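To keep things clear, I will list the structure first and then write my remarks on it.
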Amino acid sequence: MENYTKAFFIALVIYITILILLILLYFLPSIIAIKKKEKNKVTIIIINLFLGWTLIGWIFTLIWVIKK
């Protein structure tokens with residue numbers, strides 16, 4: 001029974017780590033906009049939040065923030 005508990009804990013830690021990394025990747029354009037103190041950062045964050053799940057929205061915001 002103890003081995004299952006250890007395996008479950010390890011799997012949970014790996015799952016949470018991957019989830020955090022994916023969330024950071026999803027919000028990468030927003031993070032870059034905030035770090036660069038972009039004047040349109042609110043717009044970039046909103047577009048990234050609502051359209052980032054579409055690959056086109058995510059790429060659009062990433063290119064927008066990198067170009068400036």
Side-chain angles (χ1 to χ4, degrees):
M1 190 72 154
E2 187 175 312
N3 288 336
Y4 294 118
T5 306
K6 287 181 184 178
F8 176 75
F9 178 74
I10 291 171
L12 185 64
V13 169
I14 291 171
Y15 176 76
I16 290 172
T17 303
I18 290 172
L19 186 64
I20 289 170
L21 290 174
L22 287 174
I23 290 171
L24 288 174
L25 181 65
Y26 181 83
F27 287 108
L28 183 65
S30 299
I31 293 168
I32 293 172
I34 292 168
K35 291 266 187 192
K36 290 177 77 173
K37 297 179 181 170
E38 179 69 39
K39 67 178 180 176
N40 297 321
K41 68 181 167 195
V42 174
T43 307
I44 292 170
I45 292 169
I46 290 172
I47 292 173
N48 186 208
L49 180 65
F50 292 111
L51 296 176
W53 63 271
T54 66
L55 191 58
I56 294 170
W58 188 85
I59 291 172
F60 173 75
T61 54
L62 186 64
I63 290 172
W64 184 6
V65 77
I66 289 176
K67 284 262 186 184
K68 293 190 174 199

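Just so you know, these numbers come straight off a predicted model, no measurement behind them. All residue numbers refer to positions in the sequence shown, counting from 1.
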_Nearest-0.5 Å distance that lies between atom CG in Leu25 and atom CD1 in Ile31_ = 9.0 Å
*Determine whether Leu55 and Leu62 fall in the same hydrophobic cluster, where Ile, Leu, Val, Met, Phe, Trp and Tyr are linked whenever their side-chain heavy atoms lie under 4.5 Å apart.*
yes
*Group every Ile, Leu, Val, Met, Phe, Trp and Tyr by side-chain heavy-atom contacts under 4.5 Å, then state whether Trp58 and Ile46 land in the same group.*
no
*Report yes or no: do Ile56 and Phe50 belong to one cluster of Ile/Leu/Val/Met/Phe/Trp/Tyr joined by side chain heavy-atom distances under 4.5 Å?*
no
_Please say yes or no: joined through hydrophobic side-chain contacts below 4.5 Å, possibly via intermediate residues, are Ile59 and Ile47 part of one cluster?_
yes
*asked:* Go through it in stages, so that I can follow the logic: the residues are Trp64 and Thr43, the test is side chain to side chain contact (heavy atoms under 4.5 Å, CB included), and I'd like the CA-CA distance, side-chain angles, deciding distance and then a yes or no.
replied: CA-CA 11 Å; Trp64 184 6; Thr43 307; 3.6 Å; yes
*For side chain to side chain contact (heavy atoms under 4.5 Å, CB included), just list the numbers for Ile45 and Phe27, CA-CA rounded to whole Å, side-chain angles, deciding distance to a tenth of an Å, and then say yes or no.*
CA-CA 8 Å; Ile45 292 169; Phe27 287 108; 5.9 Å; no
_Closest non-hydrogen atom pair, Leu49 against Tyr26_ = O-OH, 3.0 Å
*Considering all heavy atoms of both residues, which atom of Val65 and which atom of Lys36 are nearest to each other, and what is their separation?*
O-NZ, 2.9 Å
_Among Val13, Ile20, Ile18, exactly one meets side chain to side chain contact (heavy atoms under 4.5 Å, CB included) together with Ile16. Which residue is that?_
Ile20
*How far apart are the closest heavy atoms of Pro29 and Ile44, and which atoms are they?*
O-CG2, 4.1 Å
*Tell me whether Leu28 is reachable from Ile34 by hopping between hydrophobic residues (I, L, V, M, F, W, Y) whose side-chain heavy atoms are closer than 4.5 Å.*
no
